[in-house]
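Note that the numbering runs from 1 along the sequence shown for the chain.
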Amino acid sequence: LHQLYNDCARYNLKIVGIAFDRDTRSVKNYLERNSIKWINIFDEQTNSQIAEKYRVGVFPTFVLIDPDGKIIFRGTGKKGLQKVRSILMNGSI
């Protein structure tokens, strides 16, 4: 994700991380420790709205959304991230 973030301008991409957790303090510490600079939103585990809306049940889940708000890809884990890169580099699913 760090490399993808660095390539964002080239791919016209915005990364938004969703922290599905119970404690904002631990999330902030994690973001700082791992030098995560992209946008992150806290989605409280006990009252999840974002994970529920996007049907996230496995972590990490990658969702590519086009400029019109249409989901064009959903994947999980390392293979999901590889597919995201492939879609961005090749311009097709």
Side-chain angles (χ1 to χ4, degrees):
L1 275 178
H2 283 279
Q3 184 61 48
L4 193 57
Y5 175 76
N6 291 334
D7 294 341
C8 279
R10 180 171 68 176
Y11 295 127
N12 193 25
L13 174 75
K14 301 283 188 242
I15 294 178
V16 177
I18 309 298
F20 183 71
D21 209 315
R22 292 184 179 151
D23 177 34
T24 57
R25 190 173 358 151
S26 65
V27 170
K28 287 178 183 179
N29 289 338
Y30 177 85
L31 297 174
E32 288 175 13
R33 272 193 325 272
N34 291 283
S35 300
I36 295 177
K37 300 189 183 338
W38 51 87
I39 297 167
N40 279 273
I41 300 170
F42 184 76
D43 190 26
E44 190 172 342
Q45 215 170 25
T46 58
N47 186 25
S48 170
Q49 294 183 20
I50 299 168
E52 186 176 313
K53 178 178 180 172
Y54 289 98
R55 299 185 323 265
V56 175
V58 176
F59 298 94
T61 292
F62 302 96
V63 181
L64 278 180
I65 302 172
D66 75 6
D68 296 322
K70 179 182 174 192
I71 294 175
I72 58 172
F73 174 76
R74 174 189 305 277
T76 60
K78 221 180 235 187
K79 287 183 181 181
L81 181 57
Q82 290 169 345
K83 182 68 176 176
V84 166
R85 271 197 151 313
S86 174
I87 291 168
L88 294 171
M89 289 175 16
N90 299 321
S92 64
I93 296 178

Below 4.5 Å, heavy atoms only, C-beta onward: do [X] and [Y] meet side chain to side chain?
X: Thr76; Y: Pro60; result: no
X: Lys37; Y: Leu31; result: no
X: Trp38; Y: Leu1; result: yes
X: Tyr11; Y: Leu4; result: yes
X: Arg55; Y: Arg74; result: yes
X: Asp21; Y: Ser26; result: yes

Out of curiosity, [X] [atom1] to [Y] [atom2], how far, rounded to the nearest 0.5 Å?
X: Lys14; Y: Tyr5; atom1: NZ; atom2: OH; answer: 9.0 Å
X: Asn40; Y: Lys28; atom1: CG; atom2: NZ; answer: 12.0 Å
X: Ile87; Y: Ile72; atom1: CD1; atom2: CD1; answer: 6.0 Å
X: Gln3; Y: Cys8; atom1: CD; atom2: SG; answer: 10.0 Å

Tell me, yes or no, whether the heavy-atom count around [X] atom [atom1], taken from other residues, nucleotides or ligands under 6.0 Å, exceeds 12.
X: Asn12; atom1: CG; answer: no
X: Tyr30; atom1: OH; answer: no
X: Glu52; atom1: CD; answer: no

State whether the side chain of [X] and the backbone N or O of [Y] hold a donor-acceptor pair below 3.5 Å, judged by distance alone.
X: Asp66; Y: Gly69; answer: yes
X: His2; Y: Asn34; answer: yes
X: Thr61; Y: Val58; answer: yes

Problem set entry | Other cluster members, Ile39 - Ile/Leu/Val/Met/Phe/Trp/Tyr, side-chain contacts below 4.5 Å |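 Members besides Ile39, by chain and number: Val16, Ile18, Phe20, Ile41, Ile50, Tyr54, Val56, Phe59, Val63, Ile65, Ile71.
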Problem set entry | Heavy-atom closest contact (Asp43 atom, Ala51 atom, distance) |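 In terms of heavy atoms, the two residues are closest at OD2-N, 2.8 Å.
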